[in-house]
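First comes the structure, then the notes that go with it.
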Amino acid sequence: MIPSLRSGATLLLVLAMLLGAAPLRAEDGYDLWLRYRLLAPEQAKFYKNRATELIAGSSTPTQSVTRGELLRGLQGLLGRDVPLSDSVTRDNAIIVGTPRSSALIAQLHLDTQHLGHDGYVIRNVVVDGHAATAIVAQEDMGALYGAFHFLRLLETGQAIDHLDLHETPRVKLRVLNHWDYLNGQVERGYAGASIWDWWKLPDWRAPRYTDYARANASIGINGTVLDNVNAGATILTSTYLQKVAALADVFRPYGIRVYLSIRFSSPIEIGGLKTADPLDPQVQAWWQAKADEIYKLIPDFGGFLVKANSEGQPGPEDYQRSHADGANMLANALAPHGGIVMWRAFVYSASNPEDRAKQAYDEFKPLDGRFRANVLVQVKNGPVDFQPREPFHPLFGAMPKTPLMTEFEITKEYLGFATHLVYLGPLFEEVLSADTMAHGKGSMVAKVIDGSLDGHALTGMAGVANIGTDRDWCGSDFNQANWYVFGRLAWNPSLSSRAIAEEWVRMTFSNDQAFVKPVVEMMMGSREAAVDYMTPLGLLHLMGPGHHYGPAPWDASESSADWRPVYYHRANRQGIGFDRSRSGSDAVDQYAAPLAAQFNDLKQTPEQYLLYFHHIGWDYRMRSGHTLWYELVAHYTQGVDDVKRMRQTWLGLHGYIDEQRYEQTAAFLTIQEKEAQWWRDASIGYFQSISGLPLPPAYASPPQSLQYYESLTFPYAPGFSSW
């Protein structure tokens, strides 16, 4: 008996199985977006006729990787091996390389000088009277990036008949930050333990390290910070530097440099000094010697990432020195080797200032122009802490003499951990497209990051990784999309997050438009849904303290005021919101004058940031004509309804992909719906207890008492330890 069917696609699948056709192969997500599954027959036939032979060198490790990737991808997508050749013997060969590595490439006389280290051209050409596709670069790495791009065209079903593509990255350093500890724990990690098995390194170089490098190279990521920003000094000992060198060896053919988070007090802890004062000659000499030691082992070592004088970490302010003093001391040690310092601007003290959101600007703005040329100041996308939504950080556009790199959080610390489907592309794009107005209209954050706004050559973008030892790498298939979109936007911050989502869906799941279209729509709405059921209308940091799992707007238990949710929403009988206008903390004036005027004016402030900038009454009339209280309840409810629709959309897609990945996503959407409802009910119950107002008509009351929601505890939430 045929089981009950949820869609026509399921019927087709069952009929195919009854007729003896092979069912969709089970997949566990390990292959990410590099699955290279056999294309549909007509599509495969079309591409076979345009990939008759491959001409690609293998005289360097990167060339070997490039040739191997093309052979692997073409075989998987086309269902047959593409023969290797040393010359063009027929039409529609694929030729890959640089003018130095390939005489065939050299005779094309293409201008490759403008491509730099990573750029490439993919063009339909004629060689020795034969039509061909040339993937051309100035350096081997550009050819590898071009090879991945070419395979992406095939995997997503794009036309390849009239190719003339020119690609160069707009951002120089495209870096993952791993918040991994040497004991295998991952702070804010929701996909298992750290993939770095420090105990077995350097002698055992797990194949997963190569797969990691390959995945990163496929989206243009060219750097990785191996350890947590709350670093210990041990990583800089000779024993561990040998282990770091082993990873660098694995990553090198894929163009990925290793970086280390370092503890500022290392000269004391492992160097035997009595001080870490950056102006002390002995300290400076210690860091210079340490840099020399590192580069002897790892000639292409990238440099240091530093978290200093924040959340209890040591730093230059311990010695009455500035952040510039500390960064420059390290920069001087690295400069002879070509290394760079990424100095985090995420700083806040334990002194409970008037407004935590102002601290980074207050500390770093006066230092503009005082950093060495090989220092990047790494700034979080918003002024508080990776929230579901917050305005862009006011430092962007405010330090024209200093190169800034943005720091995004790919791991979903505040967005449902592993199980909530929240595609972060719209969040990243929202920040990158925000206009700082620093030089008038058109001064977007993306132009700050890529250096074009103020003429900086050293540029960077960092993402806090969501990678662990789970078989699917990221804790769920859809979390992979956040890794993917970060890499694509780091390459070009002006790309469309929607276009990237479609690209990812086609590569990860299916090219069937009946599947692609609803899934992309689901992804594009998922971040707004999360904002609504978690922190609507400019609210933020309402999560449980410490672990950041679930709602806790009532919590005031943390010793530091600016770790408490009540600090951020400031709800009382009169209203709700944090007054950052000129009558409050005056955070608005950290933005350029036109934006400051807009944010200071209650009527002009975008409603998505309303309660971030203003404390307003519950009965305030919103643009809809409804009261704030009504809109708050409506947004919380809308978020739940949106997740319900996402879940129904997915249920209607059974049969389009393999059962294993389908069922896991279905289960996770069930969890998300349940937890979105919890967020809605707990938050409304609390804010109603503060406002004293009845719920608007037609909106359901929370099913449990406020005391019930307040009683919930989660001592073993993943991704958090009392380090």
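Contact check on R389 versus E430 returns a salt bridge, with a Lys/Arg side-chain nitrogen under 4.0 Å from an Asp/Glu carboxylate oxygen. A salt bridge between E407 and R344 is present, with a side-chain N of the basic residue lying under 4.0 Å from a carboxylate O of the acidic one. In this structure, D454 does not pair ionically with K401, as no charged nitrogen and carboxylate oxygen lie closer than 4.0 Å. Of the charged side-chain nitrogens involved, at least one lies within less than 4.0 Å of a carboxylate oxygen, so that D118 and R174 count as a salt-bridged pair. Under 4.0 Å is where a charged nitrogen must lie from a carboxylate oxygen, and between R252 and D249 at least one such pair does. Checked for salt-bridge contact, D450 and K172 miss the test: no charged N lies under 4.0 Å from a carboxylate O. In summary, R488 and E503 engage in a salt bridge, as defined by a charged side-chain N under 4.0 Å from a carboxylate O.
A donor-acceptor contact shorter than 3.5 Å links the side chain of S496 to the backbone of A499. Although no hydrogens or angles enter the test, the distance criterion places no donor-acceptor pair under 3.5 Å between the side chain of N328 and the main chain of A331. Side chain of E155 to main chain of L77: no donor-acceptor pair is present (N/O by atom type, distance under 3.5 Å, no hydrogens or angles). Judged purely by atom type and a 3.5 angstrom limit, D435 uses its side chain to pair as donor or acceptor with the backbone of G442. Between the side chain of S526 and the backbone N or O of Y423, at least one donor-acceptor pair lies under 3.5 Å. Under a 3.5 Å cut-off, the side chain of W473 and the backbone N or O of G468 do not form any donor-acceptor pair. A donor-acceptor pair under 3.5 Å links the side-chain atoms of Q63 to the main chain of S59, judged by distance alone. At distances below 3.5 Å, not a single donor-acceptor pair connects side-chain atoms of S102 with backbone N or O atoms of T98. In this structure, E528 contributes its side chain and G525 its backbone to no donor-acceptor pair below 3.5 Å. Under a 3.5 Å cut-off, the side chain of R35 and the backbone N or O of T508 do form a donor-acceptor pair.
A donor-acceptor contact closer than 3.5 angstrom is absent between the side chains of S433 and E429. N92 and R50 are not linked by any side-chain donor-acceptor pair at a separation below 3.5 angstrom, with hydrogens and angles left out of the test. Between the side chains of R370 and H323, no donor N or O sits under 3.5 Å from an acceptor N or O. If you check the side chains of K307 and N230, you find a donor sitting under 3.5 Å from an acceptor. With 3.5 Å as the limit, one finds no donor-acceptor pair spanning the side chains of D164 and H162. Side-chain contact annotation: R67 with S58, donor-acceptor N/O pair under 3.5 Å present. Using modelled atom types and a 3.5 Å distance limit, the side chains of N177 and Q378 yield a donor-acceptor pair. Side-chain contact, S194 with D180: a donor N or O sits under 3.5 Å from an acceptor N or O. The closest side-chain donor-acceptor pair between N479 and K412 falls under 3.5 angstrom.
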Evaluation steps, side chain to side chain donor-acceptor pair (under 3.5 Å), between T60 and D140: CA-CA 8 Å; T60 70; D140 286 348; 2.8 Å; yes

Trace of the side chain to side chain contact (heavy atoms under 4.5 Å, CB included) decision for V125 with T133: CA-CA 6 Å; V125 297; T133 298; over 6 Å; no

Step-by-step salt bridge (charged side-chain N to carboxylate O under 4.0 Å, His left out) determination, E139 to R100: CA-CA 9 Å; E139 303 290 343; R100 291 195 306 276; 2.9 Å; yes

Verdict with supporting geometry, I449 and T459, side chain to side chain contact (heavy atoms under 4.5 Å, CB included): CA-CA 6 Å; I449 297 311; T459 59; 5.7 Å; no

Side chain to side chain contact (heavy atoms under 4.5 Å, CB included) between E167 and Y145, worked out: CA-CA 9 Å; E167 284 281 336; Y145 290 142; over 6 Å; no

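Nearest approach of K290 to L236, heavy atoms of both residues: NZ-O, 2.7 Å. Taking each heavy atom of V375 and F371 in turn, the nearest pair found is CG1-CD2, 3.7 Å. Between A143 and A137, the closest heavy-atom pair is N-CB, 3.2 Å. Across every non-hydrogen atom of A501 and M524, the tightest pair is CB-SD, 4.5 Å. Between P394 and P383 the shortest heavy-atom distance is CD-CB, 3.9 Å. Shown here for I235 and V244, the closest heavy-atom pair between the two residues is CD1-CG2, 4.1 Å.
From D385, atom CG reaches atom CD of E409 across 7.0 Å, with rounding to the nearest 0.5 Å. Separation of atoms CG (L84) and CG (L70) is listed at 10.0 Å; rounding is to 0.5 Å. One distance of note links CG of L32 with CZ of R214; it measures 8.5 Å at 0.5 Å rounding. Atoms CG and CZ, on L108 and R123 in that order, are 8.5 Å from each other to the nearest 0.5 Å. Between Y254 atom OH and T66 atom OG1 the span is 9.0 Å, to the nearest 0.5 Å. In this structure, the separation between CD1 on I298 and CZ on R257 is 11.5 Å, given to the nearest 0.5 Å.
Counting heavy-atom neighbours within 6.0 Å of K380 NZ, excluding the residue itself, gives a total above 12. Around atom NE2 of H114, more than 12 heavy atoms belonging to other residues, nucleotides or ligands sit under 6.0 Å away. Heavy-atom contacts from other residues, nucleotides or ligands closer than 6.0 Å to NZ of K447 number 12 or fewer.
Partner of W33 under the ring pair (Phe, Tyr, Trp, His ring centres under 6.0 Å) criterion, chosen from W483, F509, W504: W483.
Residues V171 and P169 have side chains not in contact (no heavy-atom distance under 4.5 Å, counting atoms from C-beta outward). Looking only at side-chain heavy atoms (C-beta outward), I122 and V136 stay at 4.5 Å or farther from each other. Residues F148 and I135 are not in side-chain contact: their nearest non-hydrogen atoms beyond the backbone lie 4.5 Å or more apart. Between E502 and V516, some side-chain heavy-atom pair lies under the 4.5 Å cut-off. You'll find the side chain of V464 stays beyond 4.5 Å of the side chain of I410, heavy atoms only. Side chains of R170 and W491 form no contact here, defined as non-hydrogen atoms less than 4.5 Å apart. Here the side chains of D161 and L163 are not in contact, with every heavy-atom distance at 4.5 Å or above. The closest side-chain heavy-atom distance from R152 to Q158 is not below 4.5 Å.
The ring pair (Phe, Tyr, Trp, His ring centres under 6.0 Å) test applied to W179 returns no partner, not counting sequence neighbours.
F408 has its ring centre no less than 6.0 Å from the ring centre of F386. Taking the six-membered ring for Trp and the full ring otherwise, the centers of Y212 and H178 sit less than 6.0 Å from each other. Taking the six-membered ring for Trp and the full ring otherwise, the centers of W343 and F304 sit at least 6.0 Å from each other. Remark: aromatic rings of F301 and Y295 are close, center separation under 6.0 Å.
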